[in-house]
Amino acid sequence: MALAVEPLPPPDLDDIVDAAGEAGAPVPRILVALDQVTDPHNVGAILRSAAAFGALALIVPEHRAAPATGTLAKSASGALETVPLVRVTNLVRTLDHLKNEGYWSVGLDGDAPASLPALDLPDKLVVVLGAEGAGLRRLTRERCDFLARLPTRGTLSSLNVSNAAAVALYELTRATHG
């Protein structure tokens, strides 16, 4: 038996944002955006964390981002089927669009003056993470309403992007995950 199938239509960010505004939607309302994270293992692990902590979607640029391959799907351990992976033409314009929808953005940056737990962040939030090494690009960093670092104590001052995403999502949802 053979089946001829077409790919599912890509998720629409506006539909996700609209659904998040409906009664009974989880609070906080968190979107995760990746700025040129190209390793499919990292993107898959971030999807898994996004699913575990109730993020609404994972936003990645169309170019310079990991494609949805078997490696990414395996790393996501099923989260690719539950968390929409939204590809956008321009991440900076998408952050601007989300601001118009009432979302604030916090960029994770190891050199930020404030730690993530110290910030009083709104319930509608986009967590923005940059690629290993390079971090957030300048324009992306400038579009963020807040910059925050994760407090570390050891000899290393930064984490792998997928680990940073998990820690940040935990921190942002711990008060609501009893």
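Just so it is clear, the structure is predicted and the values come from calculations on it, not from any experiment.
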*Asks:* Do D145 and V106 pass the side-chain contact (heavy atoms from CB on, under 4.5 Å) test, and can you show the C-alpha distance, the side-chain angles, and the key distance before you say yes or no?
*Replies:* CA-CA 6 Å; D145 299 298; V106 58; over 6 Å; no
*Asks:* Any carboxylate oxygen within less than 4.0 angstrom of a Lys/Arg side-chain nitrogen, looking at R141 and D35?
*Replies:*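 No, R141 and D35 are not salt-bridged.
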*Asks:* For the pair I59 and V32, evaluate side-chain contact (heavy atoms from CB on, under 4.5 Å) and give the outcome as yes or no after the intermediate values.
*Replies:* CA-CA 6 Å; I59 303 165; V32 179; over 6 Å; no
*Asks:* With a 4.5 Å cut-off on side-chain heavy-atom distances among I, L, V, M, F, W and Y, is there a chain of contacts connecting V92 to L58?
*Replies:*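 No, no single cluster joins them.
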*Asks:* With under 30° as parallel and over 60° as perpendicular, where do the rings of W104 and F146 fit, or are they tilted in between?
*Replies:*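 The rings of W104 and F146 sit tilted, inter-plane angle from 30° to 60°.
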*Asks:* Just one of L56, L31, T94 clears the side chain to side chain contact (heavy atoms under 4.5 Å, CB included) bar with V126, so which one?
*Replies:*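 Only one option passes, and that is L31.
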*Asks:* Using a 4.5 Å cut-off on heavy atoms from C-beta on, say whether the side chain of L147 contacts that of L108.
*Replies:*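 No, too far: nothing below the 4.5 Å cut-off.
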*Asks:* Roughly how far apart are S162 OG and H41 NE2, rounded to 0.5 Å?
*Replies:*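 Between atom OG of S162 and atom NE2 of H41 there are 10.5 Å.
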*Asks:* With rounding to the nearest 0.5 angstrom, report the CZ to CZ distance, R174 to F53.
*Replies:*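 The CZ atom of F53 is 11.5 Å from CZ of R174, to the nearest 0.5 Å.
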*Asks:* Sub-3.5 Å donor-acceptor pair from the side chain of K124 to the main-chain atoms of A20, do we have one?
*Replies:*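 Checking the backbone N and O of A20 against the side chain of K124, no donor-acceptor pair under 3.5 Å is found.
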*Asks:* If you round to the nearest 0.5 Å, how far is CG of N160 from CG of N163?
*Replies:*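 Going from CG on N163 over to CG on N160, the span is 5.0 Å.
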*Asks:* Is there side-chain contact between K74 and T71, with heavy atoms separated by less than 4.5 Å?
*Replies:*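 Counting from C-beta outward, K74 and T71 never come under 4.5 Å.
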*Asks:* Is a side-chain N or O of R149 found less than 3.5 angstrom from the main chain of D109, in a donor-acceptor match?
*Replies:*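 Not a single qualifying donor-acceptor pair exists.
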*Asks:* Please report the interatomic distance OG1(T140) to CG(L34), rounded to the nearest 0.5 Å.
*Replies:*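 It is 11.0 Å, given to the nearest 0.5 Å.
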*Asks:* Between P67 and R87, which heavy-atom pair has the shortest distance, and what is it?
*Replies:*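 Between these two residues, the closest heavy atoms are CA-NH2, 3.3 Å.
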*Asks:* Flag yes if V167 and V37 sit in one hydrophobic cluster, no otherwise; membership is Ile, Leu, Val, Met, Phe, Trp, Tyr, and two members link when side-chain heavy atoms are under 4.5 Å apart.
*Replies:*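 As far as the 4.5 Å side-chain criterion goes, V37 and V167 are connected within one cluster.
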*Asks:* For a quick test of reading the model, state the closest non-hydrogen atom pair linking I16 to P11 and the distance between them.
*Replies:*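 Between these two residues, the closest heavy atoms are CD1-CB, 4.2 Å.
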*Asks:* As a quick check of understanding, evaluate salt bridge (Lys or Arg N to Asp or Glu O under 4.0 Å) for R29 and D123, giving each step before the final call.
*Replies:* CA-CA 6 Å; R29 293 173 180 96; D123 284 338; over 6 Å; no
*Asks:* Look up atom CD in E62 and atom CG in N90, then write down how far apart they are to the nearest 0.5 Å.
*Replies:*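 Between E62 CD and N90 CG, I get 10.0 Å after rounding to 0.5 Å.
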*Asks:* Would you mind reporting whether I30 and V127 have side-chain heavy atoms less than 4.5 Å apart?
*Replies:*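 The answer is yes; the side chains approach within 4.5 Å.
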*Asks:* Do D14 and H97 have side chains that get closer than 4.5 Å, going by heavy atoms?
*Replies:*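 D14 reaches H97 side chain to side chain.
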*Asks:* Looking only at atom types and distance, does a side-chain atom of K99 sit under 3.5 Å from a main-chain N or O of R143, one as donor and one as acceptor?
*Replies:*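 Here the side-chain-to-backbone pair exists.
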*Asks:* After noting the C-alpha distance and the side-chain angles of V161 and V43, does the key distance pass the side-chain contact (heavy atoms from CB on, under 4.5 Å) rule?
*Replies:* CA-CA 9 Å; V161 66; V43 175; over 6 Å; no
*Asks:* Is a donor on one side and an acceptor on the other found under 3.5 Å between the side chain of T173 and the backbone of L169?
*Replies:*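 Flag set: sc T173 to bb L169 pair under 3.5 Å.
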*Asks:* Grouping I, L, V, M, F, W and Y whenever their side-chain heavy atoms are under 4.5 Å apart, do Y170 and L172 come out in a common cluster?
*Replies:*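 Same hydrophobic cluster.
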*Asks:* Does some side-chain heavy atom of L125 sit less than 4.5 Å from a side-chain heavy atom of S105?
*Replies:*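 No, their side chains stay 4.5 Å or more apart.
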*Asks:* Could you walk me through whether V60 and V86 pass the side-chain contact (heavy atoms from CB on, under 4.5 Å) test, one step at a time?
*Replies:* CA-CA 6 Å; V60 298; V86 180; over 6 Å; no
*Asks:* Quick one: closest heavy-atom pair of P117 and P151, and the distance?
*Replies:*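 Closest heavy-atom pair between P117 and P151: CD-CD, 3.9 Å.
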*Asks:* Quick check: closest heavy atoms across P61 and A65, and the distance to 0.1 Å?
*Replies:*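 So the minimum-distance heavy-atom pair works out to O-CB, 3.2 Å.
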*Asks:* Hey, any chance V88 and V128 share a hydrophobic cluster, counting ILVMFWY side chains that come within less than 4.5 Å of each other, even indirectly?
*Replies:*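 Result: yes, single cluster for both.
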*Asks:* List the atom of A68, the atom of L85, and the distance in Å for their closest heavy-atom pair.
*Replies:*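 That closest heavy-atom pairing would be CB-CD2, 4.3 Å.
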*Asks:* Please round to the nearest 0.5 Å and tell me the distance separating atom CG of D96 and atom CD of E101.
*Replies:*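 Rounded to the nearest 0.5 Å, the CG-CD separation comes to 12.5 Å.
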*Asks:* Which heavy atom of A33 sits nearest a heavy atom of L91, and at what distance?
*Replies:*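 In this case the closest contact between A33 and L91 is CB-CD1, 3.9 Å.
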